[in-house]
2 protein chains.
Amino acid sequence: MRLVVADCSARYTGRLTAMLPRAKRLLVVKADGSVLLHSDGGSYKPLNWMSPPCSLSMREPDAEAAERGVTQVWTVQHTKSDDRLEIELHDVHHESAHDLGIDPGLVKDGVEAHLQELLAAQIGLLGDGHTLVRREYMTAIGPVDILARDASGATVAIEIKRRGDIDGVEQLTRYLDLLNRDPLLAPVRGVFAAQEIKPQARVLATDRGIGCLVLDYDAMRGVDDVDSRLF
Amino acid sequence: MRLVVADCSARYTGRLTAMLPRAKRLLVVKADGSVLLHSDGGSYKPLNWMSPPCSLSMREPDAEAAERGVTQVWTVQHTKSDDRLEIELHDVHHESAHDLGIDPGLVKDGVEAHLQELLAAQIGLLGDGHTLVRREYMTAIGPVDILARDASGATVAIEIKRRGDIDGVEQLTRYLDLLNRDPLLAPVRGVFAAQEIKPQARVLATDRGIGCLVLDYDAMRGVDDVDSRLF
DNA sequence: CGGTACATTTCGCCC
DNA sequence: GGGCGAAGTGTACCG
């Protein structure tokens, strides 16, 4: 990894065209040749960047650029597309290189898969008498998160989201359309389950006869005795 | 901006729980106190981070940690939530600080807004005799990108995307449902316009009687004489 | 390899 | 500030 702090301007062409006026910034060149251009604020997203696979070439400025005070010109060309990032460096305030090696990577816990696991184990949250048919029930257009039966034996399709918004309702609607064409399953009722359900999503779901269930992650995890999973 | 290259491990708790085993990485502390933890690969997204507003505190390791070779402990606490990032630093290989100042920011050109602008100006691409009613036609559930009339005077609702996939068809379908309830507009026909239309989206659109129009951005920009907008 | 769904999404707009 | 749609989204998963 190479770190450079320098006055620079940049120009990106590819999926869009973008221009970055001259300012002092951090440039990071990673081992795979990818480049990040960071300012001293904002978020984790760089102002400009080039994702791998790409190749970086550095050259001297031409006479006109040298006249403007440019000391180096970097061209980062994406290998698989026309995406290109051109950086003109002026004053270089810092430069260093570091051998980092490969990274063991991040270990995560607590996402949608876990919600699904917990709800499958606590299927009674849907109402008394509910039984689990199976998780990840495959259909032609993708897997239904949970398929269950209610006390009367009717099929229930459940879509689980961390944040429930309109897209999730649309997704469940497509599954329901398909499942209801199967005479062995029909009629299939839908339940939209999420830690948080957006008002517009709730309105759409209700309008389509889809039930809404707000999941309390902490409470569900509390019931599950395998609480301390990773840490 | 402060740059540190060090052996470190990290633990994030908040919306999820994540653990980063010990390895040599780049730590970036921005002027607003936000922290990025980068490996020497992947993409522009850090392995771990804390977004502003947040506060960073550094302290000496306790006896147990010191025993494990920890030399510094960083705690980054988000100001508005329970999100917290804890970093243990072992060997520090590089450390430097830089005053970058504020950034003038990025100037963009050529996204969906531009496609919309161009299609509004070249509404004839929909077919002879089409006329523009207006762009960003507001409805209760959001703005329709372009509303037009065809040669027969019938209303046409157009949804524009750079990449046309299923979500865009769903979005246009919702608009059409709503617009067709307005007797002053009905019957409203739909056109899904995009630089690229995914096969599945095309099938869904066709099945619903929605027309598909592939937009040639370069050709449309060529017609537009205000070609050289920014550069 | 293409398509889909997820993300500590982030970002920007408009109400 | 909340809601919603777009992103140069990136990324994993699954066919």
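These numbers were taken from a predicted model, which means no experiment stands behind them. To find a chain, count down the sequence lines: A is the first, B the second, and so on, and within it residues start at 1.
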Rounding to an integer number of Å, can you tell me how far [X] [atom1] sits from [N] [atom2]?
{"X": "B:Y44", "N": "C:dT9", "atom1": "OH", "atom2": "P", "answer": "14 Å"}
{"X": "A:L16", "N": "C:dG12", "atom1": "CG", "atom2": "C1'", "answer": "14 Å"}
{"X": "A:M19", "N": "D:dG8", "atom1": "CE", "atom2": "P", "answer": "17 Å"}
{"X": "B:R162", "N": "D:dT9", "atom1": "CZ", "atom2": "C1'", "answer": "9 Å"}
{"X": "B:D32", "N": "C:dT10", "atom1": "CG", "atom2": "C1'", "answer": "14 Å"}
{"X": "B:D167", "N": "C:dG3", "atom1": "CG", "atom2": "C1'", "answer": "12 Å"}
{"X": "B:E136", "N": "D:dG5", "atom1": "CD", "atom2": "C1'", "answer": "11 Å"}
{"X": "B:K198", "N": "C:dC1", "atom1": "NZ", "atom2": "C1'", "answer": "13 Å"}

For A:K80 and for B:A201, find the nucleotide of DNA chain C with the closest heavy atom, then tell me which residue's nucleotide is more 5'.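 The residue mapped nearer the 5' terminus is A:K80.
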State plainly whether the residues A:R25 and B:D103 are in salt-bridge range, i.e. N to O under 4.0 Å.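 The answer is yes: the pair qualifies as a salt bridge.
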Gap in Å between the two C1' atoms, one belonging to C:dA5 and one to C:dT9, rounded: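 That atom pair is separated by 13 Å.
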On a whole-Å scale, what distance lies between the C1' atoms belonging to C:dT10 and C:dC6?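 Those two atoms are separated by 14 Å.
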Please answer whether C:dT8 and B:W49 are stacked, defined here as ring centres separated by less than 5.5 Å and planes angled under 30°.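 It does: the two rings, one from B:W49 and one from C:dT8, meet the stacking criterion.
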Could you tell me whether [X] contacts a base, only the sugar-phosphate backbone, or nothing, with contacts defined as non-hydrogen atoms closer than 4.0 Å?
{"X": "A:L47", "result": "nothing"}
{"X": "B:D165", "result": "nothing"}
{"X": "A:Y12", "result": "base"}
{"X": "A:M50", "result": "base"}
{"X": "A:N48", "result": "base"}

Between B:I158 and B:I160, is there a side-chain heavy-atom distance shorter than 4.5 Å?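 Side chain of B:I160 against side chain of B:I158, heavy atoms only: contact under 4.5 Å found.
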Would you indicate whether the side-chain heavy atoms of A:V28 and A:V35 approach each other to under 4.5 Å?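 Sidechains of A:V28 and A:V35: no contact.
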Strictly below 4.0 Å: does [X] bring a side-chain N or O up to OP1 or OP2 of [N]?
{"X": "B:S51", "N": "C:dT8", "result": "no"}
{"X": "A:K45", "N": "D:dG8", "result": "yes"}
{"X": "A:Q171", "N": "C:dT4", "result": "no"}
{"X": "A:R15", "N": "D:dT9", "result": "yes"}
{"X": "A:S81", "N": "D:dG8", "result": "no"}

Between A:D40 and B:A31 (side chain of the first, backbone of the second, donor and acceptor by atom type, cut-off under 3.5 Å), is there such a pair?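 The answer is yes, because a donor-acceptor pair under 3.5 Å joins these two groups.
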Using modelled atom types and a 3.5 Å cut-off, is there a donor and acceptor pairing between side-chain atoms of B:S34 and backbone atoms of B:K30?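 No; zero donor-acceptor contacts below 3.5 Å.
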Look up atom CG in B:L179 and atom CZ in B:R189, then write down how far apart they are to the nearest 0.5 Å.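 Between B:L179 CG and B:R189 CZ, I get 13.5 Å after rounding to 0.5 Å.
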Closest to the B:E159 side chain, choosing from C:dT8, D:dA6, C:dC6: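 Of the options given, the side chain of B:E159 lies nearest D:dA6.
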